Amino acid sequence: MPTVVTHALAGATLVALASRKPVSTPDMLPWLALCGAAAMLPDLDVVTFKLGIPYASPWGHRGFSHSLAAAAVCAGLLAWLCRPLWLRVGLSAASAASLLFLSVASHAALDMICDASFGPALFMPWSDHRYLSGWKPIEGAPIGLKRWFGPKGERVVQTEFVYVWLPCMALWAGRWLSLRRAGEARA
Ligand SMILES: [Zn+2]
């Protein structure tokens with residue numbers, strides 16, 4: 001799996017791109033922070049390792065928790081619980097829930113291009129098939145702190161930087177430029 005910080009960045013970037021308001025608007029930051037946090041949620045399932053549920057199980061790591069159905073439930077709950085955050089940025093309930101869904105679902109999309117044994121069970125509970133892309137450039141992040149200090153940890157940081165952080169930074173820069181141009185055109 002990519003690290004949770006990388007998942008948060010990807011989720012928040014997608015939501016920011018879908019918004020017309022500049023990120024510098026004070027109310028946008030808490031909303032984007034919520035969307036970033038939402039993108040991290042599926043990996044709370046690492047607790048299943050402690051519970052003795054095997055990785056290969058549909059209820060284990062990257063199983064149901066990484067499905068589109070779980071993303072929809074998560075998005076609905078978060079939209080309901082955090083209503084003031086999306087109201088302040090002028091979103092409707094449907095738009096807020098859709099953007100939260102996009103953010104949570106981006107987690108599974110990134111996991112699919114990550115070099116790991118099992119991909120996300122996208123269509124649980126209807127199918128327990130695990131989906132992994134044929135192109136998996138991102139090194140799987142180790143679980144446990146020890147293995148971070150070595151070549152494996154370095155590869156994780158390098159591949160996440162190249163395949164997620166750089167594209168996200170380019171998208172943020174593009175968005176900033178387009179908002180600036182739109183502002184200049186109105187002036
Ligand atoms: Zn994951």
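Values below: every heavy atom of this structure, side chains too, minus hydrogens, waters and symmetry copies. For ligands, and for the atoms within them, numbers begin at 1 and follow the listed sequence. All figures in this text were calculated on a predicted structure; none of them were measured in a lab.
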Peer 1: Identify, by name, the N, O or S atom of D43 lying closest to the Zn ion (ligand 1).
Peer 2: OD1
Peer 1: Verify the distance test for D45 against the Zn ion (ligand 1): any N/O/S atom under 2.8 Å, yes or no.
Peer 2: no
Peer 1: Could you please compute the angle at the Zn ion (ligand 1) from NE2 of H107 to OD2 of D111, rounded to 10°?
Peer 2: 100°
Peer 1: Nearest heavy-atom pair of A38 and V104: which atoms, and what distance?
Peer 2: O-CG2, 3.6 Å
Peer 1: Under 3.5 Å, sequence neighbours excluded: what are the donor-acceptor pairs made by side chains of residues 93-101?
Peer 2:
from, atom 1, to, atom 2, distance (Å)
S95, OG, S92, OG, 2.9
S98, OG, A94, O, 2.7

Peer 1: Show me the donor-acceptor pairs within less than 3.5 Å that the side chains of residues 44-53 make with the rest of the protein, sequence neighbours left out.
Peer 2:
from, atom 1, to, atom 2, distance (Å)
D45, OD1, H61, ND1, 2.7
D45, OD2, H61, ND1, 3.4
D45, OD2, R62, N, 2.7
D45, OD2, S65, OG, 2.5
D45, OD2, H66, ND1, 3.3
T48, OG1, D45, O, 2.5
T48, OG1, H61, N, 3.3

Peer 1: Measure from the Zn ion (ligand 1) to each N, O or S atom of H66 and report whether any distance is below 2.8 Å.
Peer 2: yes
Peer 1: Given side-chain contact (heavy atoms from CB on, under 4.5 Å), test H7 with D111 step by step and report yes or no.
Peer 2: CA-CA 9 Å; H7 279 301; D111 276 359; 3.2 Å; yes
